[in-house]
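Since we're looking at a predicted model, the values are computed, not measured.
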Amino acid sequence: MKNIAIFISGRGSNMQQIIGQVKNGILKDLCNISLVFSNYCQALGLKVAKENQIQTLCLDSKGKKRVEYDKEVLTLLHPFEIDYIVLAGYMRILSPEFIKTYPQRILNIHPADTRSFQGLNAYKWAYENLLKETYITIHYVDEGVDTGQVIAQQKVDLTGVNSLEEVEQRGLQVEYELYSKTLAKLFSG
């Protein structure tokens, strides 16, 4: 059974889906959520994690340099013996030192094909470019931004969407299913 830490910065909607799958779904008996961590102490997802009896930690990142901040986070993580870190809306770029501590064991979800679009606002990009389809990508985190090795991808049909909100809704439905499915495949060997 793998020990995972989920990193969030906001509401944690992907985290909520993973929690549900760990409790009663495809991740049951494959992993344990040892910790939900946030760089923003007012993140709504921290409350959700606590409601689900999951330990939370928060270290506000505002105004802190990346390397020093990540050293503090690594110190906090050490006692948990984490096997994998699952980024679920974590809005900070990890330092090379952090990534080297967990090689090929930090996963991220990105709402685009990472070969076509990296960084923030991928749904907006898809909408403004009138794409008929986009992708949800699960990838390992490397030292670039959304440049790590792709683990899984799934197409999102955007035919007939009339708003950015519709693009987001369709994308999130795929995100919720794909992340847990990918983690299950990875953790079951």
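Hydrophobic clustering (ILVMFWY, side-chain heavy atoms < 4.5 Å, transitive): Leu87 and Val150 are in distinct clusters. Phe98 and Phe80 fall within the same hydrophobic cluster, defined by Ile, Leu, Val, Met, Phe, Trp and Tyr side-chain heavy atoms under 4.5 Å apart, directly or through other members. Connection of Val48 to Leu57 is not established within any shared hydrophobic cluster, with ILVMFWY side chains joined at heavy-atom distances below 4.5 Å, either directly or through further cluster members. Leu59 is connected to Leu94 through a chain of hydrophobic side-chain contacts under 4.5 Å among Ile, Leu, Val, Met, Phe, Trp and Tyr, so both are in one cluster. No single ILVMFWY cluster, assembled from side-chain heavy atoms under 4.5 Å apart, contains both Tyr69 and Val67.
Remark: side-chain polar atoms of Arg170 are paired, donor with acceptor, to backbone N or O of Thr159 under 3.5 angstrom. For Asn24 (side chain) and Gly20 (main-chain N/O), no donor-acceptor pair under 3.5 Å exists by modelled atom type. With hydrogens and angles disregarded, a donor-acceptor distance shorter than 3.5 Å links the side chain of Asp70 to the backbone of Ser95. Tyr127 contributes a side-chain N or O that, together with a main-chain N or O of Asn162, makes up a donor-acceptor pair within less than 3.5 Å. No donor-acceptor pair under 3.5 Å is formed between the side chain of Asn52 and the backbone N or O of Ile54. Counting only distance, with no hydrogens or angles, the side chain of Thr147 and the backbone of Glu143 share no donor-acceptor pair below 3.5 Å. Distance alone, capped at 3.5 Å, is enough to place a donor-acceptor pair between the Gln53 side chain and the Glu51 backbone.
The residues Asp113 and Arg115 are annotated as salt-bridged, a charged nitrogen and a carboxylate oxygen being separated by less than 4.0 angstrom.
Note that the CE atom of Met1 and the CG atom of Asp29 stand 5.5 Å from one another [nearest 0.5 Å]. Put simply, CD1 on Ile33 and CD1 on Ile82 are 10.5 Å apart, with the number rounded to the nearest 0.5 Å. How far CD of Gln104 is from CG of Asp142: 8.5 Å, rounded to the nearest 0.5 Å. Atom CG of residue Asn108 and atom OH of residue Tyr140 lie 13.0 Å apart, to the nearest 0.5 angstrom. Atoms CD1 and CD1, from Ile6 and Ile18 in turn, are 4.5 Å apart once rounded to the nearest 0.5 Å. In this structure, Arg105 CZ and Ile99 CD1 are separated by 13.0 Å, a value rounded to the nearest 0.5 Å.
By the side-chain contact (heavy atoms from CB on, under 4.5 Å) test, Gln17 is found to be paired with Tyr176, residues two or more places apart in sequence or in another chain being considered.
Counting only heavy atoms from C-beta outward, the side chains of Lys71 and Thr75 never approach each other to under 4.5 Å.
Summarising the geometry of Thr134 relative to Ala112, their closest heavy-atom pair is OG1-CA, 3.9 Å, with the distance given to 0.1 Å. Closest heavy-atom contact between Leu172 and Tyr123: N-OH, 3.5 Å. In this structure, Tyr90 and Ile8 approach most closely via the heavy-atom pair CD1-O, 3.5 Å. Taking each heavy atom of Glu166 and Val161 in turn, the nearest pair found is OE1-CA, 3.7 Å. Scanning both residues, Ile26 and Gln21, for their nearest heavy atoms gives N-OE1, 2.9 Å. Heavy atoms only, all atoms of each residue included: Ala184 and Leu27 are closest at N-CD2, 3.4 Å.
Among residues at least two apart or in separate chains, ring pair (Phe, Tyr, Trp, His ring centres under 6.0 Å) pairs with a member in residues 19-58 are Phe7-Phe37. Residue pairs meeting the disulfide (SG to SG under 2.5 Å) criterion with at least one member in residues 48-128, sequence neighbours excluded, are Cys41-Cys58.
Side-chain atoms of Asn32 and Asn3 include a donor-acceptor pair closer than 3.5 Å. The closest side-chain donor-acceptor pair between Asp146 and Thr114, if any, does not fall under 3.5 angstrom.
Enclosure of atom NZ in Lys124 is not indicated, since only 12 or fewer non-hydrogen atoms of other residues, nucleotides or ligands lie within 6.0 angstrom. Counting heavy atoms of neighbouring residues, nucleotides and ligands inside a 6.0 Å radius, atom CZ of Arg11 does not exceed 12 of them.
Across Leu77, Val141, Ile4, a single residue satisfies side-chain contact (heavy atoms from CB on, under 4.5 Å) together with Ile85, and that is Leu77. Among Glu175, Gln118, Gln154, Gln153, the one residue that satisfies the side-chain hydrogen bond (donor to acceptor under 3.5 Å, both in side chains) test with Thr137 is Gln153.
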message: Under the criterion side-chain contact (heavy atoms from CB on, under 4.5 Å), I'd like the reasoning laid out for Tyr179 against Leu107: C-alpha separation, chi angles, the key distance, then a yes or no.
response: CA-CA 10 Å; Tyr179 218 169; Leu107 289 85; 4.1 Å; yes
task: Could you walk me through whether Leu186 and Ile138 pass side-chain contact (heavy atoms from CB on, under 4.5 Å), step by step?
output: CA-CA 11 Å; Leu186 185 66; Ile138 312 289; over 6 Å; no
- request: Start with the C-alpha gap between Ile151 and Lys185, add the side-chain angles, then the distance that decides, and say whether side-chain contact (heavy atoms from CB on, under 4.5 Å) holds.
  value: CA-CA 10 Å; Ile151 304 165; Lys185 195 173 176 183; over 6 Å; no
- request: Begin from the C-alpha positions of Thr56 and Ser38 and carry the test side-chain contact (heavy atoms from CB on, under 4.5 Å) through to its verdict.
  value: CA-CA 8 Å; Thr56 62; Ser38 183; over 6 Å; no
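Taking the six-membered ring where tryptophan is involved, the planes of Trp125 and Phe117 are essentially parallel, since the angle between them stays under 30° and well short of 60°.
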